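Notes follow once the structure below has been shown.
Letters A, B, ... mirror the listed sequences (proteins, then strands); counts begin at 1. These numbers come from a predicted model, not from an experiment.
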2 protein chains.
Amino acid sequence: MSGTHTGVPSVLAHELPRPVPADELAACPVGDVFRRVGDKWSMLLVILLGGRPHRYNELHRAVEGISQRMLTRTLRGLEADGLVRREVHPTVPPAVEYSLTPLGRTLLEPLSALADWAVRHGTEIDEARSRHAAGSGAPSP
Amino acid sequence: MSGTHTGVPSVLAHELPRPVPADELAACPVGDVFRRVGDKWSMLLVILLGGRPHRYNELHRAVEGISQRMLTRTLRGLEADGLVRREVHPTVPPAVEYSLTPLGRTLLEPLSALADWAVRHGTEIDEARSRHAAGSGAPSP
DNA sequence: CGGCATCCTTGCGGATACTG
DNA sequence: CAGTATCCGCAAGGATGCCG
């Protein structure tokens, strides 16, 4: 076990093995970030912007499954958290460019570490699911 | 930039900078895992079980903000994914022990890397929020 | 082009009560 | 002790329409 990633191996092991104040996780930044990560679009946009800055409709086209509502909402949230920067170019047809802030860029690494894990063990998860489904309730179709 | 975490630096940079098939993220294990991480209780339980095996009511007491419904649901989900193992001891008062599988244990590291990031940059996020709130809509109370 | 406002559906998630 | 089952509130999220 042990932790040799960033330097703080047992942030969790120190924060949670205790009586867990319940909503402490929701109040502390960890819960906040976890929520963001779990957000269907947030991390997708972060990663997308990690590659290059994008314009609004460019993002809308890139994801192509998100509604304007969610695109704007998510971007606003990320902007509020200082992960994304919004630059408005006062041209004749208004052009808005979204880019990742330095802070947002630092998120890419722990994020990719997690994504990496998912890719690596994705098969195992899938197998475990099949195995579980087989022994639970899906006998004779 | 660069990536020196797990060994696969640009899983995301390779998967997403492309036209993003939209629901590809939702279908592939990455989206799945991200959803779990974002889940309010899942990772909390994983971390908790990462310390030691726990029994049902022991977990219920530990978190103490979760309902039986969510406790069971979350545990079942984690069990289905092969992250948690459920052992039933056929004693007179039934005793069920939940523990982390080897697979589940491997998740602890990328997870703590992310949590670590959150703790490290939590202040910056908070500051960015205040800064954003100050310039958006909270003028004179 | 880049948004914001509104409506309406979906399902997550909590509280409660009952069983093995 | 370890769940299962039911009810209900609430807000996340998609579709649509209008404005700068």
Could you list, one pair per line, each protein nitrogen or oxygen that sits under 3.5 Å from a nitrogen or oxygen of nucleotides 13-20 of chain D, together with the distance?
unit_1: dG13(D); atom_1: N7; unit_2: Arg69(A); atom_2: NH2; d: 2.9
unit_1: dG14(D); atom_1: O6; unit_2: Arg69(A); atom_2: NE; d: 3.3

Electrostatic pair Asp39(B)-Arg35(B), nearest N-O below 4.0 angstrom: no
I need the Leu45(B) CG to Ile66(B) CD1 distance, nearest 0.5 Å. 5.5 Å
Quick check on dT4(D): is either OP1 or OP2 less than 4.0 Å from any side-chain nitrogen or oxygen of Tyr56(B)? no
Any donor-acceptor N/O pair, Ser42(B) side chain to Gly38(B) backbone, under 3.5 Å: no
Taking Arg129(A) first and then Asp32(B), would you say they form a salt bridge - that is, a charged N and a carboxylate O separated by under 4.0 Å? yes
Side-chain donor or acceptor of Thr101(B) paired with backbone N/O of Arg85(B) under 3.5 Å: no
Give the rounded distance in Å between these two atoms: CZ of Arg86(B) and C1' of dT4(D). 12 Å
Nearest 0.5 angstrom please: His54(B) NE2 to Tyr98(B) OH, how far? 13.5 Å
What do the steps show when you test Arg86(A) against Arg76(A) for side chain to side chain contact (heavy atoms under 4.5 Å, CB included), and what is the final call? CA-CA 9 Å; Arg86(A) 178 176 178 258; Arg76(A) 298 288 178 186; 3.6 Å; yes
Heavy atoms of chain B, cut-off under 4.0 Å: which first and last nucleotide of DNA chain C, 5' to 3', fall inside that, if you could look? dG13(C) to dG20(C)
Could you tell me how far apart Glu58(B) (CD) and dA2(D) (P) are, to the nearest whole angstrom? 9 Å
What distance do Leu103(B) atom CG and His121(A) atom NE2 have between them, rounded to the nearest 0.5 Å? 6.5 Å
